[in-house]
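Down below is the structure, laid out as structure tokens.
We count residues from 1, following the sequence as given. As a basis for the values below, the full set of heavy atoms in this structure was taken, side chains included, without hydrogen atoms, waters or symmetry mates.
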Amino acid sequence: GNECKFCSRRRTAEDHASAELRKQPQDVVDVANALPQTSPPVESINLIAGSLYDHDREFDIYIDLVERITAETPYDELPGSLVCMPPDDFSKLEEAYDAGVRQVKFNMEVFGPDRFEEVLPGKVYYGRERCVSALERSVEVFGAMYVSSNLILSLEPEESVKEGFRYMAERGIVPVGKIFHPDEGTPLEDATPWRPRKLLSPYMALAGLYHQYELTPFLNKHSLRGDISWELYHLLESNNQKTIISALRNQIQSFSPHDG
């Protein structure tokens with residue numbers, strides 16, 4: 001009941017009340033076993049779910065699940081990312097690595113301290129500085145380029161976003177710029193998202209950081225993702241702003257009103 005102000009989890013649960021929202025570990029194992037037979041082949045699995053207030057217990061659940069995947073499927077490690085809140089006990093990062101996790105994504109969403117406090121009641125109790133420390137410690141465990149974090153464009157001043165992008169890139173954390181979509185039923189449903197030309201500057205800065213620090217966009221380029229990191233990564237050298245703006249506009253328009 002303490003969601004971040006942009007989060008549409010509650011509305012989504014209401015809209016899809018008939019769906020089986022809670023998946024059992026065996027369901028995930030069954031899906032992982034089916035992936036090698038898909039056409040075209042599925043290249044990555046991202047494990048993501050709602051968060052518990054006890055983040056160590058949450059992390060233990062994921063570790064147990066990854067251990068089952070590596071024991072009961074063709075994969076000897078998780079072929080994708082663990083996307084969740086970081087644990088309170090950072091030693092669990094090593095436990096996750098030993099279980100087969102090779103990439104983690106701990107999303108800060110907002111970098112600036114004041115807006116972090118204002119927009120993210122669901123993360124304030126964990127703490128902004130603790131989030132930063134968890135990301136930095138994760139680079140020591142998983143390695144540079146194997147740790148990532150989202151910043152949502154439109155929720156804080158542009159310069160704060162760019163500062164967050166650079167802070168992460170300098171430390172081997174792959175920053176991701178997510179396009180904000182105000183969802184009905186959330187405290188930010190009437191907020192105005194940045195338009196494509198406003199998004200161009202932070203996205204170009206992000207693409208430049210990828211090249212400067214020899215990082216690559218984090219999520220698989222064929223996955224469902226609310227950003228255009230891969231497009232900008234490849235378009236940067238052409239400096240074709242018309243093409244980039246068109247890609248931004250198409251991405252924004254691809255969101256439905258209740259897309260979470």
Side-chain angles (χ1 to χ4, degrees), residues 7 9 12-13 16-108 126 131 134-135 137-150 172-176 178 215-227 229-230 233 254 259-260:
C7 181
R9 181 199 63 81
T12 301
H16 301 279
S18 62
E20 184 182 348
L21 298 180
R22 184 181 294 275
K23 307 302 181 186
Q24 299 302 315
Q26 189 60 50
D27 297 329
V28 180
V29 171
D30 290 344
V31 169
N33 272 316
L35 294 183
Q37 285 75 49
T38 61
S39 179
V42 174
E43 298 177 2
S44 67
I45 305 171
N46 293 327
L47 296 182
I48 180 170
S51 292
L52 304 177
Y53 281 109
D54 184 343
H55 294 304
D56 287 345
R57 179 167 174 262
E58 176 185 346
F59 228 70
D60 285 339
I61 292 171
Y62 281 118
I63 289 172
D64 290 345
L65 180 55
V66 172
E67 287 176 341
R68 286 199 57 179
I69 290 173
T70 58
E72 301 175 31
T73 77
Y75 303 104
D76 56 7
E77 60 186 44
L78 181 68
S81 307
L82 176 56
V83 186
C84 62
M85 285 291 291
D88 293 305
D89 178 0
F90 287 176
S91 70
K92 291 191 178 294
L93 298 170
E94 286 95 341
E95 292 181 34
Y97 185 89
D98 291 341
V101 176
R102 294 295 178 265
Q103 299 182 154
V104 293
K105 196 166 189 282
F106 302 145
N107 294 323
M108 287 192 67
Y126 187 88
C131 286
L135 288 166
R137 175 64 184 133
S138 294
V139 172
E140 296 174 5
V141 174
F142 299 95
M145 293 201 308
Y146 295 99
V147 179
S148 180
S149 187
N150 289 344
I173 302 161
V174 181
V176 177
K178 301 290 281 190
L215 305 172
T216 55
F218 197 72
L219 294 177
N220 185 284
K221 68 175 65 178
H222 302 300
S223 68
L224 178 65
R225 48 192 168 84
D227 74 284
S229 300
W230 276 108
Y233 182 78
S254 72
D259 204 0

For T216 against M145, the heavy-atom pair lying closest together: N-SD, 4.2 Å

Salt bridge (charged side-chain N to carboxylate O under 4.0 Å, His left out) involving R57 - partner list, sequence neighbours excluded: none

Sole residue of L93, L52, D54 in side-chain contact (heavy atoms from CB on, under 4.5 Å) with F59: L93

With K92, the salt bridge (charged side-chain N to carboxylate O under 4.0 Å, His left out) member among D60, D56, D98: D60

Check against side chain to side chain contact (heavy atoms under 4.5 Å, CB included), K105 and N46: CA-CA 10 Å; K105 196 166 189 282; N46 293 327; over 6 Å; no

Those residues that, when tested against D64, pass side chain to side chain contact (heavy atoms under 4.5 Å, CB included) (two or more places apart): E67

Shortest non-hydrogen separation from A32 to I45 and the atoms involved: CB-CD1, 4.1 Å

Close side-chain approach of R137 and E94, heavy atoms under 4.5 Å: yes

Heavy-atom check, side chain of N107 versus side chain of K178, under 4.5 Å: no

Over all atoms of both residues, closest heavy-atom pair of Q103 and S81: NE2-OG, 2.9 Å

F106 backbone acceptor or donor facing S149 side chain under 3.5 Å: yes

Sidechain-backbone polar pair: T73 side chain, Y75 backbone, donor-acceptor under 3.5 Å: yes

Atom pair CE (M108) and CD1 (I173), whose distance is rounded to the nearest 0.5 Å: 9.0 Å

Heavy-atom pair with the smallest gap, counting every atom of L135 and S148: CD2-O, 3.7 Å

Note, P74 side chain near L35 side chain (heavy atom, < 4.5 Å): no

Working for side chain to side chain contact (heavy atoms under 4.5 Å, CB included), residues V66 and L82: CA-CA 9 Å; V66 172; L82 176 56; 5.8 Å; no

Taking every non-hydrogen atom, the tightest pair across E58 and M85: OE2-N, 3.7 Å

Closest approach of V104 to V101 (non-hydrogen atoms, all atoms of both residues): CG1-CG1, 3.9 Å

Side chain to side chain contact (heavy atoms under 4.5 Å, CB included) assessment of Y146 paired with V174: CA-CA 8 Å; Y146 295 99; V174 181; over 6 Å; no

Heavy-atom neighbours of Y62 OH exceed 12 at 6.0 Å: yes

Expected output: side-chain R102 to main-chain G80 donor-acceptor under 3.5 Å: no

